[in-house]
Amino acid sequence: MTKVKAGIPQGTRDFSAEVVKKRDYIVNTIKTVFELYGFQPLETPAMENLETLMGKYGEEGDRLIFKILNNGLDNPAKHQQVKEDFEKVLEGKSVKSITERALRYDLTIPFARYVSMNHGQLTFPFKRYQVQPVWRADRPQKGRYREFFQCDVDIVGSYSLLNEVELSNIYATVFKKLGLAVEIKINSRKLLQALAEICGGAEKMMDITIAIDKLDKIGIEKVKEELEQKNLTKDQIAIIEKYLSISGTSNEKLEDIKSLFGNNDNGKKGIEEIEFVLNYQDGNQNELPLSIDLTLARGLNYYTGIILEVKSTEVQMGSIGGGGRYDDLTGLFGVPNIPGVGISFGLDRIYDVIEELNKFPEEVGTGTQVLFFNLGDVECKKAFGLMQQLRDNNIRCEIYHEQAKFDKQFKYAEKKKIGFVVIIGSEELKSGNCSIKNLLTGEQQTISSSSILKYNFHQ
RNA sequence: GUGAUUGUAGCUCAGUUGGUUAGAGCACCAGAUUGUGGUUCUGGGGGUCGUGGGUUCGAGCCCCAUCAGUCACCCCA
């Protein structure tokens with residue numbers, strides 16, 4: 001075998017023990033809340049049939065799907081066909097004979113596929129959560145990885161806006177538990193539709209949303225320039241400018257938008273949706289960091305109603321969560337009339353935010369609690385017996401792997417952040433005692449070995 | 001896909017207009033200290049300067065190519 005330089009693919013990462021524990025802390029927090037709200041887990045394969053994924057995420061999304069090369073392309077019998085098909089790949093098409101599988105790009109489409117396959121057996125409304133990695137062939141940068149985890153909750157089989165209310169509450173609850181200050185932005189695709197209908201027709205919706213989505217980045221003048229380039233008239237741009245200038249509290253925004261869109265059906269519906277979700281909170285509305293953002297568009301083109309996005313208010317970072325209503329996702333798989341709504345948490349970005357703010361709880365990431373020193377064969381055997389007793393009592397212990405100088409064993413404990421060492425040397429052996437040292441305080445006491453179970457090893 | 005930027009010891013980084021044998025801190029190993037770590041002192045090991053080519057009497061430094069990381073755009077979690 002030739003030696004290769006050790007390395008991992010661009011945008012992927014190894015996770016050390018400490019990192020895994022911190023990630024687990026986030027995931028457990030999220031899963032606990034999901035279950036509190038009545039959701040049950042689902043897991044799907046890392047790969048899907050390519051045709052399941054293609055065309056669901058827009059043109060840009062298709063490009064970012066990791067495709068898997070078929071096996072057996074070297075079969076001589078297939079050479080001619082493979083060569084012909086590969087020409088099509090060079091033209092940018094995907095061909096089943098070259099790639100028929102791909103890594104999943106998100107958790108929503110695989111979920112829709114699952115519901116489509118199993119709708120006969122499921123109890124509706126079907127509520128599931130899913131925490132698994134997804135892959136995107138994007139260029140990595142801050143907060144962007146090629147392999148990252150999403151934590152999704154979705155409800156399918158219900159048009160009720162109560163679901164949107166529940167999901168906003170899930171967002172608020174999780175981030176509160178994690179100690180993060182966030183802004184949950186809410187909008188409705190129907191308002192964007194209404195805006196398009198009023199300004200040049202429904203087919204302009206993409207152009208308009210892409211432009212207004214950039215408002216806080218490039219400013220109103222540049223947005224207007226971009227709209228001009230898309231052949232919108234001055235009057236139409238004036239309406240959009242009016243739309244973008246709407247500000248104030250959520251209630252004030254609603255009033256303004258009503259006077260602007262009051263006569264448009266989609267506009268009316270969009271306003272109703274947002275109003276419902278905001279007002280349902282009633283008494284605790286003030287506690288929810290929920291606010292209307294009329295420029296919120298969301299890239300995925302399957303959304304039809306309420307859309308949500310979460311941003312940290314403390315750290316500069318892309319969105320750490322997003323979601324919305326999609327009224328006919330399973331229709332793509334031949335099963336019509338199953339509406340759905342769901343949200344997603346970006347685990348890796350949430351991690352980065354907590355890490356940057358230093359907000360991981362102290363106790364997350366603690367490993368071994370007690371190290372038993374190894375000071376000789378007989379001593380070790382005695383220590384080993386005591387250690388097993390502690391383990392039976394759920395104290396996490398280890399014993400130094402070989403006889404060594406005190407110095408070495410202390411340093412090992414220190415590096416691994418082990419809080420206590422138990423010393424059993426010739427003296428302790430003789431007297432039937434053991435010495436326990438708290439490495440944090442430096443205190444040490446000698447007790448009889450038989451009473452070790454009574455010792456408090458918690459810091 | 002487009003653009004910018006960085007690659008020197010295990011880690012973080014110095015390294016002058018190109019000039020002898022490439023340095024520091026931390027980490028590591030050994031000793032001061034044969035039953036007490038975190039502080040201190042002494043000594044030691046460790047580098048194809050990302051890789052390949054070029055210019056030059058001479059390249060860590062200049063030029064070209066290439067690979068890798070980071071950041072931004074697009075888009076997104």
Side-chain angles (χ1 to χ4, degrees), chain A residues 4-13 26 30 57-65 92 104-108 131-152 171 182 206 209-210 213-214 217-218 296-301 307-312 316-324 342-353 371 373-376 379 400 403-430 433-446:
Chain A
V4 293
K5 200 180 165 196
I8 55 175
Q10 189 183 38
T12 65
R13 298 150 299 158
I26 300 171
I30 292 173
Y57 309 106
E59 210 175 301
E60 182 72 12
D62 281 356
R63 275 198 350 184
L64 299 180
I65 293 171
R104 64 166 168 255
Y105 178 91
D106 72 355
L107 301 178
T108 307
V131 177
Q132 288 192 281
V134 303
W135 293 268
R136 294 183 190 178
D138 218 340
R139 270 266 194 115
Q141 59 181 276
K142 188 181 181 188
R144 171 175 297 176
Y145 308 97
R146 287 186 149 181
E147 178 184 62
F148 62 97
F149 269 70
Q150 288 190 328
C151 316
D152 275 33
Y171 263 148
V182 296
M206 278 306 271
T209 53
I210 287 171
D213 192 40
K214 296 178 185 166
K217 229 176 227 169
I218 63 177
L296 180 64
R298 308 269 319 142
L300 300 173
N301 47 22
I307 44 180
L308 296 163
E309 192 164 291
V310 185
K311 287 207 77 172
S312 164
Q316 186 63 38
M317 172 86 66
S319 61
I320 55 179
I343 56 172
S344 177
F345 291 79
L347 168 64
D348 303 79
R349 285 188 177 173
I350 293 171
Y351 179 98
D352 289 347
V353 169
L371 176 72
F373 272 23
N374 185 335
L375 299 167
E379 292 88 342
Y400 198 77
Q403 187 179 347
K405 295 205 290 188
F406 270 60
D407 182 73
K408 263 204 141 142
Q409 306 197 40
F410 266 120
K411 280 186 173 155
Y412 176 82
E414 200 192 337
K415 271 190 214 154
K416 288 191 69 174
K417 295 187 177 140
I418 298 172
F420 294 89
V421 298
V422 175
I423 301 168
I424 295 171
S426 50
E427 286 173 22
E428 286 84 356
L429 209 56
K430 238 181 279 164
N433 291 331
C434 61
S435 296
I436 301 172
K437 182 163 185 173
N438 180 329
L439 291 194
L440 209 66
T441 62
E443 286 166 37
Q444 179 170 329
Q445 51 178 298
T446 302

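Being a predicted model, the structure only gives us computed values, none of them experimental. Residue numbering restarts at 1 for every chain, and letters A, B, ... go by the order of the sequence lines. In what follows, every heavy atom counts, from backbone to side chain, and hydrogens, waters and symmetry copies are set aside.
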For nucleotides [N] and [M], find the distance between their [atom1] atoms and express it as a whole number of Å.
| N | M | atom1 | result |
| --- | --- | --- | --- |
| B:G3 | B:G45 | C1' | 44 Å |
| B:A24 | B:C67 | C1' | 29 Å |
| B:A9 | B:A22 | P | 14 Å |
| B:G43 | B:C49 | C1' | 27 Å |

**Study point:** Those residues that, when tested against A:E309, pass side chain to side chain donor-acceptor pair (under 3.5 Å) (two or more places apart)
**Key:** A:R298
**Study point:** Counterpart residues, ring-ring contact (aromatic ring centres under 6.0 Å, His included), relative to A:Y400 (two or more places apart)
**Key:** A:Y412
Practice item. Can you sort out the partners of A:Y351 under ring-ring contact (aromatic ring centres under 6.0 Å, His included), two or more places apart, ordered by chain and number? Key: A:F360
Side-chain donor or acceptor of [X] under 3.5 Å from a matching atom on the base of [N]?
| X | N | result |
| --- | --- | --- |
| A:R144 | B:C75 | yes |
| A:K437 | B:G37 | yes |
| A:R349 | B:C76 | yes |
| A:E379 | B:G35 | no |

Review point. Among the nucleotides B:G35, B:C75, B:A77, which one has an atom lying closest to any side-chain atom of A:E60?
Key: B:C75
Taking side-chain contact (heavy atoms from CB on, under 4.5 Å) as the definition, give me every residue that meets it alongside [X], ordered by chain and number, with sequence neighbours left out.
| X | value |
| --- | --- |
| A:Q444 | A:I423, A:S435, A:K437 |
| A:E147 | A:T12, A:P133, A:W135 |
| A:K214 | A:I210, A:I218, A:E226 |

Please list, chain by chain and in numerical order, all residues satisfying salt bridge (charged side-chain N to carboxylate O under 4.0 Å, His left out) with [X], sequence neighbours excluded.
| X | answer |
| --- | --- |
| A:E414 | none |
| A:D138 | A:R144 |
| A:K416 | A:E398 |

Would you classify [X] as touching base, sugar-phosphate or nothing, given that sugar-phosphate means primed atoms plus P, OP1 and OP2, and contacts are heavy atoms under 4.0 Å?
| X | value |
| --- | --- |
| A:Q444 | base |
| A:G61 | nothing |
| A:G321 | sugar-phosphate |
| A:F149 | nothing |

Practice item. Go ahead and write out RNA chain B as dot-bracket, 5' to 3': ( ) for pairs within the strand, [ ] for ones crossing earlier pairs, | when the partner sits on another strand, dots for unpaired; Watson-Crick or G-U wobble, both distances under 3.5 Å. Key: (((((((..((((.....[...)))).(((((.......))))).....(((((..]....))))))))))))....
Review point. Hey, are the side chains of A:D348 and A:F149 touching, using non-hydrogen atoms and a 4.5 Å cut-off?
Key: yes
Polar pairs (N or O, both sides) under 3.5 Å between protein and nucleotides 27-29 of chain B?
unit_1: B:C28; atom_1: OP1; unit_2: A:K415; atom_2: NZ; d: 3.0

Practice item. Given salt bridge (Lys or Arg N to Asp or Glu O under 4.0 Å), test A:E60 with A:R63 step by step and report yes or no. Key: CA-CA 5 Å; A:E60 182 72 12; A:R63 275 198 350 184; 3.4 Å; yes
Sort me out a list of protein N/O and nucleotides 41-43 of chain B N/O pairs below 3.5 Å, or just none if empty.
none

